[in-house]
Amino acid sequence: MTRSSCTTTNNDTNDDENENYYDVKPFGMLFFLFDSPAEKREYLNSRRESLGDFFASFLDDRVLMNVIEHIDDAKTLAKFTLASKMCFQYASFDSLWKKLYLNKFGLEEADFRRCRNWKQLYYVKANETTLTMKKKTKVKKKMGCVYSDALYLPKQINNLEIKKTWVESFTVPEIDCSSSEKRTLADEESIESRFREEFENKNRPVVLRGLAKEWRAIEKWKTNDALLNEYGDETFLVGGYRTSLKNYLSYCLRENDTDDSKLLLFDPKVAKEEMWTENTEIFEEGGLFHNLFSKDGDYFKVLGEEKRPHYKWVIFGPNRSGSTFHVDPNGTSAWNAVLRGRKKWILFPNDEVPPGVFPSEDNASVVCPLTPLEWYENFYDTLLSCGDDDFEGEETSKRAYHFQETICEAGDVIFVTSQWWHCVVNLPPEHDDQDQDEEDRNVHLALTANFVSRSNMPTVLKILDSKNSNLVSGYDDKTQRRSLGEAFEKRMREMYPEILEDARQRFTIQTTTKNEIKAPPRKQQKRVVASAKTTENANNVTKKPRGENANENNKKNKISTTTIFSQHQQEQHTSSFAFSFWAKEEETNDTTTKANTDNTNT
């Protein structure tokens, strides 16, 4: 991994030209850049003097940051930055201010047009600029160098090179749906038949190339100005908080390389229904899209639009944002239509847990790297090297993982199958598009929906029968989640009794078959993790429990993780509340409750 020097700036909110900064380098560089042991000792002694005996006693930066994060008062944290050079560096860490800002103000009035980082934004919002040190010069001044893995990692992640090997493989099967003018009715029936027989019924993913290419939304929302003119003042859900699209786009376009866990706009209650009805062909009867995904599927519709779980979302995100590994909620399948940008997908079958991903025994929670690019850096190359030779004593025809990957661009639709693990990254544009401004190319847009079909209904019934509010999702209220199974079965018996009975029979057969098969050993998972590039980065993981009581369970079990997510955010794929990447024990607080936003896609 290439590690370049990074800088952290102390910007006066009223004067962006004034910057006193410190170089931040990995701690290991301390042993290469100093010629003598005396110089190393001098730096460590200066660190102790700068931090004081108490804070300097935490040699592990992650522990030190964990302690500092418990400072929940902005004024105290701001004053701590003035104590010394080291205190300034640690207390200016952007994730600390991100957490403080969201806890106090939410995102409703967050405007990043003047502020590049969360600390600046907090000072402007709270009118606390007097806590910063006024600068008397307009010249950049280097104040020294700090050696810290914890401070260096966000910059490192944000500047990771997207390697060619990460984006050159296209192994998800494809169906060409782009030539709509030349398609005959027989052609569409052939496509629908192939989709059902080869993919939906066999629970296999497929990319429908160009299926949404003629949607009006693709041309209509090609620019940020067009979106702002139509929806700029409309509020959307971002990381558990509502904010206007105007403010969110200012967040996407800001220059900040210290925010390694970028917020996604992921709204289950779409601000404008016309985003689905007037600008797409989702509900146009007789069309190919409608025949594939709407005509016979989506059996949650029996509950009615108001009572069914949330199922459709609009998604915005900046370059390099994305969702970490997850499976979609309630056993449903999904489609995802890209309207702007490029999405890199990697998917694993439901019986193969991706390397670096550790679900609990009941799948109610999962531990995984904090960001998608961090997973790629630490595990992707190792994943490719896990060949047949790694599994002595097993059939040589078996490979370690049977993953599939692809890239979807504007107009493409991917079918994401029930219970498959998947991870998504919003890729920067491959080539400069002369028809789009740079700011427009930095914002990705997609529509997605989850649905219950005849093929995935046995899996859906299994999850709903558990009545586990940590596994069932789609409602804000836990009681509704527990009672979803009963309500769904009652309505299905009234409206589609034969389909329900068939699903119950297949569910019984699947359960019996699985009980007869011995679970495969999980040693391959350990082997991959052990060979990850950097042990520290492999340990920088995010625990994402599925439910409001997840924090209490983790406290009880003394699980040390990074930021803890609810089930809703796990399925949102947003990494929205990744305020930190160091290991910690999460506290149960009001923020977690507020963050329990609804679920699903990428």
Side-chain angles (χ1 to χ4, degrees), residues 8-21 65 68-82 87-135 154 224 228 231-267 271 316-318 321 563 574-580 589-595 597:
T8 303
T9 59
N10 176 24
N11 298 309
D12 189 318
T13 55
N14 297 317
D15 189 357
D16 287 336
E17 295 181 10
N18 294 334
E19 293 186 357
N20 293 339
Y21 73 97
M65 295 302 297
I68 296 176
E69 191 183 40
H70 283 76
I71 300 176
D72 57 3
D73 174 61
K75 289 186 178 181
T76 302
L77 188 61
K79 291 177 181 178
F80 186 65
T81 65
L82 306 180
C87 292
F88 168 80
Q89 281 299 114
Y90 287 104
S92 294
F93 191 63
D94 210 32
S95 289
L96 299 175
W97 292 95
K98 180 179 182 180
K99 179 179 180 179
L100 290 174
Y101 186 92
L102 292 176
N103 284 349
K104 186 168 184 177
F105 304 116
L107 278 171
E108 187 174 356
E109 298 179 6
D111 187 350
F112 286 92
R113 286 174 293 182
R114 290 187 300 155
C115 305
R116 288 184 297 179
N117 57 54
W118 291 95
K119 181 181 175 183
Q120 281 185 343
L121 191 67
Y122 193 103
Y123 282 178
V124 170
K125 177 68 176 176
N127 195 25
E128 294 178 355
T129 54
T130 55
L131 294 177
T132 62
M133 298 180 65
K134 285 286 185 179
K135 306 176 188 67
N224 295 336
L228 291 173
Y231 304 110
D233 294 327
E234 296 289 342
T235 60
F236 294 82
L237 196 66
V238 179
Y241 300 91
R242 303 206 73 83
T243 190
S244 68
L245 182 61
K246 175 179 62 179
N247 288 339
Y248 180 70
L249 290 184
S250 72
Y251 168 83
C252 291
L253 300 176
R254 68 187 179 140
E255 295 181 4
N256 185 341
D257 57 8
T258 61
D259 188 1
D260 58 322
S261 182
K262 296 175 173 59
L263 297 173
L264 294 183
L265 185 156
F266 194 89
D267 197 336
F316 287 85
S321 63
T563 305
T574 63
S575 302
S576 299
F577 279 87
F579 297 127
S580 58
N589 50 41
D590 294 338
T591 304
T592 304
T593 303
K594 191 172 184 180
T597 57

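Between W97 and A74 the shortest heavy-atom distance is CH2-O, 3.6 Å. The shortest non-hydrogen separation linking S261 to K98 is O-NZ, 2.8 Å. When all heavy atoms of D233 and K246 are compared, the closest pair comes out as OD1-NZ, 3.9 Å.
Note that CD of E234 and CG of D267 are 10.5 Å apart. Values are rounded to the nearest 0.5 Å. The CG atom of L265 lies 8.0 Å from the SG atom of C252; values are rounded to the nearest 0.5 Å. With rounding to the nearest 0.5 angstrom, the CE atom of M65 is 7.5 Å from the OG atom of S95. Between the OG1 atom in T243 and the CG atom in L263 there is a gap of 10.0 Å [rounded to 0.5 Å]. The distance from atom CG of D94 to atom CG of N117, rounded to the nearest 0.5 Å, is 5.0 Å. For the atom pair N247 CG and Y241 OH, the distance stands at 15.5 Å (nearest 0.5 Å).
With respect to the salt-bridge test (charged N to carboxylate O, under 4.0 angstrom), the residues D72 and K99 do not qualify.
Counting heavy atoms from C-beta on, the side chains of I68 and L77 come closer than 4.5 Å. Between K119 and L100 there is no side-chain heavy-atom pair separated by less than 4.5 Å. In this structure the side chain of F93 never reaches within 4.5 angstrom of the side chain of E69, judged on heavy atoms.
Remark: Y101 pairs with F105, W118 by the ring-ring contact (aromatic ring centres under 6.0 Å, His included) rule, at least two apart or across chains. Contacts of S250 classified as side-chain hydrogen bond (donor to acceptor under 3.5 Å, both in side chains), with partners at least two apart in sequence or in another chain: none. Applying the ring-ring contact (aromatic ring centres under 6.0 Å, His included) rule to Y251 yields the partners F112, Y248; only residues at least two apart in sequence or on another chain are considered.
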Kindly determine whether N224 and L253 satisfy side chain to side chain contact (heavy atoms under 4.5 Å, CB included), including the steps that lead there. CA-CA 11 Å; N224 295 336; L253 300 176; 4.0 Å; yes

